[in-house]
Amino acid sequence: MKLLLLLTLLCLLSGEAWAQVKQANTPAAAQPRQKQAQKKPLPGKPHIENPNLSTVTVVSDHGQQVYCLKDTTSRTTPIIYNYVRQMPAFVGGHEAMMAFLGRNLRWPENSGRICVEGRVFVNFIVGKEGRLREFKVLKGLHPLFDAEALRVARLLNGRFTAGTQDGRAVEVYYTVPVTFRIK
């Protein structure tokens, strides 16, 4: 009974694998377009866009053709990490960064009667030289407060040490909370 169940399972798995190989061999126009779900990279793993795959045919010792998928992604694509062994750091430490943000943060002009308190989370990339780029608001409060948080986060440029992985400088995503409090 167990042997029969095992053989059935193997047949199902091999049939599914063969169907995927056949689908990879069909022209792109024949395949239905599917909306791909955005996958969030895992911590410690590099963020790489969708790989380019090509089919390679290998003839086995028994004369059977075996189809394999080969990754042909260009290795010139920059890898941006979410987490590395040595994360980027603000010169002077985390407390110095928060003090810097507090000194440079201004209550947004034209906010009028908007009575908002909270945090705006700003994300950016710390480059290999410690330069910052690609600023965006991950979680905002109000468009006026989000704009002020982005302005203050851009002032951090040039004040970071680069993150390192395996002894070399790499690009890393970094998130900073900017706090707005009514005093």
Between Lys139 and Arg119, is a side chain to side chain contact (heavy atoms under 4.5 Å, CB included) present by the stated rule, with each step listed?
-> CA-CA 8 Å; Lys139 181 181 176 216; Arg119 288 186 179 155; over 6 Å; no
Taking all non-hydrogen atoms of both residues into account, name the closest pair between [X] and [Y] and its distance.
X	Y	result
Asn157	Gly130	OD1-O, 4.5 Å
Val91	Ala96	O-CB, 4.4 Å
Ala162	Gly127	CB-O, 3.6 Å
Ala149	Val122	CB-CG2, 3.9 Å

Calculate, to the nearest 0.5 Å, the distance between atoms [atom1] and [atom2] belonging to [X] and [Y] respectively.
X	Y	atom1	atom2	result
Leu101	Thr179	CG	OG1	8.5 Å
Asn123	Glu134	CG	CD	9.5 Å
Met87	Thr161	CE	OG1	10.5 Å
Lys136	Asp146	NZ	CG	14.0 Å

Begin with the C-alpha distance, continue with both residues' side-chain angles, and end with the deciding distance and a verdict on side chain to side chain contact (heavy atoms under 4.5 Å, CB included) for Leu132 and Arg154.
-> CA-CA 8 Å; Leu132 310 183; Arg154 285 187 176 102; over 6 Å; no
Apply side chain to side chain contact (heavy atoms under 4.5 Å, CB included) to Met97 and Arg159, showing your working.
-> CA-CA 9 Å; Met97 179 178 62; Arg159 300 174 189 265; over 6 Å; no
Is [Y] reachable from [X] through a run of I, L, V, M, F, W or Y residues, each pair having side-chain heavy atoms under 4.5 Å apart?
X	Y	value
Leu138	Leu144	no
Phe121	Tyr174	no
Leu155	Val178	yes
Met98	Phe100	yes

For Trp107, does its backbone N or O pair with a side-chain atom of Glu148 as donor and acceptor, under 3.5 Å?
->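 Checked: no pair found.
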Check Arg131, Gln165, Arg133 against Glu171 for a side chain to side chain donor-acceptor pair (under 3.5 Å) and give me the one that passes.
->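 Exactly one pass, corresponding to Arg133.
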Could you label the plane-to-plane angle of the Phe180 and Phe145 rings as parallel, tilted or perpendicular, counting under 30° as parallel and over 60° as perpendicular?
->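 Rings of Phe180 and Phe145: perpendicular, as their planes differ by over 60°.
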Mutual orientation of the aromatic rings belonging to Phe90 and Phe160 [parallel < 30°, tilted 30-60°, perpendicular > 60°] =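 Phe90 and Phe160: perpendicular rings.
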Qualifying residue for side chain to side chain contact (heavy atoms under 4.5 Å, CB included) with Ile80, from Val126, Val170, Val172, Ile125 |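 So the option named by the test is Ile125.
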Step-by-step side chain to side chain contact (heavy atoms under 4.5 Å, CB included) determination, Val84 to Thr164 | CA-CA 6 Å; Val84 290; Thr164 59; over 6 Å; no
When you look at CZ of Arg85, are more than 12 heavy atoms from neighbouring residues, nucleotides or ligands closer to it than 6.0 Å?
->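 12 or below, so no.
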